[in-house]
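In what follows, a structure is listed as structure tokens, so that the remarks can point back to it.
Here the structure is a predicted model, which means the values were calculated and not measured. A, B, ... follow the sequence lines: proteins, then strands. Residue 1 opens every chain.
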Amino acid sequence: MAKNLVIVESPAKAKTIEGFLGKNYTVRSSFGHVADLNSKKLSVDVEHDFEPQYEVSPDKKKLVTELKKMAKAAEMVWLASDEDREGEAISWHLFRTLKLTEDKSKRIVFHEITKSAILQAIEKPRKIDENLVAAQQARRVLDRLVGYQLSPLLWRKVKPSLSAGRVQSVAVRLIVEREEEIKKFTTSSAFRTIAEFRLADGKNTQTFKAEYAERFDTLEKAKAFIENQIDAVFTIASVEKKPAKKSPAPPFTTSTLQQEASRKLGYSVANTMRIAQKLYESGRITYMRTDSVNLSKMALNTAKQEIESRFGSNYVKIRHYKTKSKGAQEAHEAIRPTYINNISIDGSAEEKRLYDLIWKRTISSQMSDAQLERTNVCISSSKAPKDFIASGEVIKFDGFLKVYLEGTDDENGELKRGMLPAFAKGDLLNLIEMQSTERFTKHPPRYTEASLVRKMEELGIGRPSTYAPTISTIQKREYVVKETREGVKRKVQNVILKNGKIEEKITHENTGSQKARLFPTDIGVLVNRFLMQYFDDILDYNFTASVEKEFDEIAAGKKAWNKFIKEFYGPFHQKVEETQENSGKFSGERLLGKDPKSGKNVYVKIGRYGAIAQIGDTDSEDKPRFAGLRKEQSLETITLQEALKLFDFPRMLGEVDGEEVSVAIGRFGPYVKHNKLFYSIKKEYNPASLTLEEAIRIMEAKKEADRKKVIKTFEKDKDVKVLNGRYGAYLVIKKQNYKIPKDMDPAALTLEDCYAISKDPKNMPKKRYARKKK
DNA sequence: CAGTGAGCGAGCTTCCGCTTGACTT
């Protein structure tokens, strides 16, 4: 056993470091936190100074036993978790759970994974920073109290299994409020007039475009203006040249990597992280969960060499970036290639593309500015009060643009700035064409996953390790959905002047399809309304920022962590109790009108399983009738007619073999029911007009598919079946599924083979979710 | 997943941050 045990957070890091340290050191990983609050209980003693009750996390039990054994055998244990709030707490938990002592353990930190940085760290050990640990504890306890008291309130007042928290609830709020802005937005239009010119002297035949400095609010005004230009004389009134520069973007952090991978490669946030994790594990890139834009000295040096040898020394400009994001803790470097001289790597296509993006971003961040020359030209018309304006841009020196340009989310495309011919004041121009086109204002864009992450980072909510999980949580809770909605076609009016003739034309444009955007659901809107009504302080966009200030005070030793929690918890808990007792069900109920057949009230609201329509009052004598809303319908927009239509189901179609055939719409879409069996109705059929003949066809098709599904059954034991599923053949014994080993032929299995397969634990399918029902 | 929604009531759900793994019926 080695004399020294070093514990870091990540196994990939452990492997690298072990290589630096020689055989007197064993390096192991804690895989993040090893202890936490029990997830089944509140685990905070609110009666006694909010004492948290920590336990070794269930999935870490084995690891902790092993580490404990190694620690006992070692002469010195080096706690080398990250240098931030969470890292300090990880060391503290390790110290306690491994039962270390002060004389046999030391705390060390380093920001770069280099041999010299680690050797230096070992020379300068320190003690665990108890104040920083206290700040983490305050963070942990606050989040637990908020999450575990608000969520149950939602279960009672809105719907079971919902959740609320300091981070996720604000993320939902952002999406709900953006949608409200979009609903309120009214589109207006104005006519923009663009003219295409050429120099009249014929020396330069290049054409260029210029826009008239005024927009017209009606077609009539635009037309009147253009008609007046038929015999106008156009002259260059002024030419102005200005030097300009563009600077590169800083190296990637988690959030900027997610944004660029989304803009340039179309990756979802979770996908980007999955690919980055692979690159990290294979040693291609540095750690991918970071808020730092910092590069190590070594990285800066190799970047410099790389740029010099590829592009020349005039392309080098070494820069030190400073983070702008709130609450950054900067325990790691920026995300960069481990070896910057590797321009490309082996791997899957998506790994290569992400690596390429990271390489370019890193290299370009250390390159010189691009030097530009902007030209603004004013063109006067003898028959117009204002000028036409053309602007051009010429790159004098490309600098970092040789490698990489950051993408933008800006959707309002402007006139592209290109090169302009050389002008002098007073030059005469020939008009080639003039066109006035109706342009519409656009509502603010809906968030994409990546632009939501950017907004969250700006507000300081969430951390690099939680952006992707938070976004998947709010989708899993069905507060928001990610959808692509096609744009709507709309008419655009144009007036064109060409060859001395005026023409009016109607063209069409698409309002712009929105790819993979986040939309709030009925439940998301309702939960947000509930939380805003009773807990607006926690949903406040500045809540996290203000508690972070408190955490800083605690970390500086100026305040006790449980004093802060006490100040927060008092009023918070009171509000929880009050809301519990005084407020009724929060169902978002809306009265749509009366059912013409029965004269009863028709409502829509959120029920236990989602949105439902209801005919009749709950407290009336005869039971109300219920029907679930369709997936594409919404509480806020559904009409009385649409709601009444939902009650057309279930509809009897007739009888087959003496049993009724009916059609209905369930939680998973429309279905045909016959003889207690269910048959899903595919999209090509319309459940509202489905005939008995069509229903029979659907049932036959299902039966046929089921027959094909069975590969093999056994006379001796009817519980054993070999079936064909989505992922190939599998074995079922008494409702339990088993994998069939790849080297066995499913069709040739004997009953004995099947029993053998079922006994081997290797073939047990892993359960992704704990089973809900008994 | 399972194709419901009365009423009763048992038992369950839930947070944020740190880290990977296992591999889908």
Side-chain angles (χ1 to χ4, degrees), chain A residues 8-13 29-37 39-44 57 59-60 63 81-82 84-87 89-90 93 136 139-155 159-169 274 277 280-281 287 289 331 461-467 469-470 473 477 544 605-610 612-614 618 622-628 649-650 662 664-673 677-680 709 723-732 737-739 765-774:
Chain A
V8 296
E9 289 182 36
S10 140
K13 201 167 166 180
S29 149
S30 73
F31 293 81
H33 275 293
V34 293
D36 193 12
L37 305 173
S39 68
K40 301 270 172 222
K41 300 182 280 195
L42 185 64
S43 302
V44 174
S57 316
D59 56 329
K60 297 291 168 59
L63 174 76
S81 48
D82 298 345
D84 57 17
R85 201 159 65 202
E86 296 297 326
I90 288 173
H93 281 302
Q136 191 273 348
R139 199 280 305 154
R140 182 69 191 89
V141 168
L142 174 78
D143 284 337
R144 173 49 70 92
L145 291 173
V146 169
Y148 272 42
Q149 300 212 337
L150 287 187
S151 302
L153 200 55
L154 290 177
W155 304 343
K159 189 170 133 33
S161 304
L162 295 178
S163 65
R166 173 178 58 83
V167 172
Q168 58 169 287
S169 297
R274 188 181 52 76
Q277 176 87 30
Y280 168 66
E281 281 169 10
Y287 198 55
R289 289 186 277 264
I461 57 171
R463 303 275 310 128
S465 67
T466 61
Y467 294 138
T470 302
T473 298
R477 298 271 175 276
T544 291
K605 64 180 189 185
I606 295 287
R608 247 203 305 169
Y609 306 104
I612 49 172
Q614 174 183 342
T618 314
D622 35 346
K623 279 189 286 184
R625 294 168 64 208
F626 294 94
F649 299 101
S662 61
I665 296 175
R667 184 146 133 66
F668 305 101
Y671 63 95
V672 173
K673 192 178 175 189
L677 291 172
F678 299 91
Y679 306 86
S680 296
K709 204 177 141 185
L723 302 179
N724 211 354
R726 257 205 297 166
Y727 302 94
Y730 66 104
L731 173 66
V732 185
N737 295 327
Y738 302 93
K739 285 188 292 184
K766 297 285 179 288
K767 278 181 193 147
R768 266 196 296 182
Y769 310 106
R771 219 163 249 280
K772 271 189 195 164
K773 300 225 164 143
K774 48 206 153 158

Pull out every protein N or O sitting under 3.5 Å from an N or O of nucleotides 8-10 of chain B, one pair per line with the distance.
none

Determine the contact category for A:S57: base if any of its heavy atoms lies under 4.0 Å from a base atom, sugar-phosphate if only primed atoms, P, OP1 or OP2 are that close, otherwise nothing.
-> nothing

When we call it a touch if two heavy atoms are under 4.0 Å apart, what does A:K40 touch: a base, just sugar-phosphate, or nothing?
-> base

Does a distance-only test, which skips hydrogens and angles, find a donor-acceptor pair under 3.5 Å between the side chain of A:R140 and the base of B:dC15?
-> yes

Could you tell me whether A:Q614 contacts a base, only the sugar-phosphate backbone, or nothing, with contacts defined as non-hydrogen atoms closer than 4.0 Å?
-> nothing

Describe the nucleic acid contact of A:R85 in one word from base, sugar-phosphate, nothing, applying a heavy-atom distance below 4.0 Å.
-> nothing

Would you say a side-chain N or O of A:R477 is under 4.0 Å from OP1 or OP2 of B:dT14?
-> yes

Pick base, sugar-phosphate or nothing for A:Q277, based on heavy-atom distances below 4.0 Å to the nucleic acid.
-> sugar-phosphate

Nearest-nucleotide wise, let me know which of A:I612 and A:L42 is further upstream toward the 5' end of DNA chain B.
-> A:I612

Nearest nucleotide by nearest heavy atom, which residue falls closer to the 5' end of DNA chain B, A:K623 or A:A35?
-> A:K623

Report which part of the nucleic acid A:S151 touches: base, sugar-phosphate, or nothing (heavy-atom distance under 4.0 Å, all strands).
-> base

Under the ring-ring contact (aromatic ring centres under 6.0 Å, His included) test, which residues partner A:F626, sequence neighbours left out?
-> none

Dot-bracket notation for DNA chain B, counting Watson-Crick and G-U pairs under 3.5 Å, with | for partners on another strand = .........................

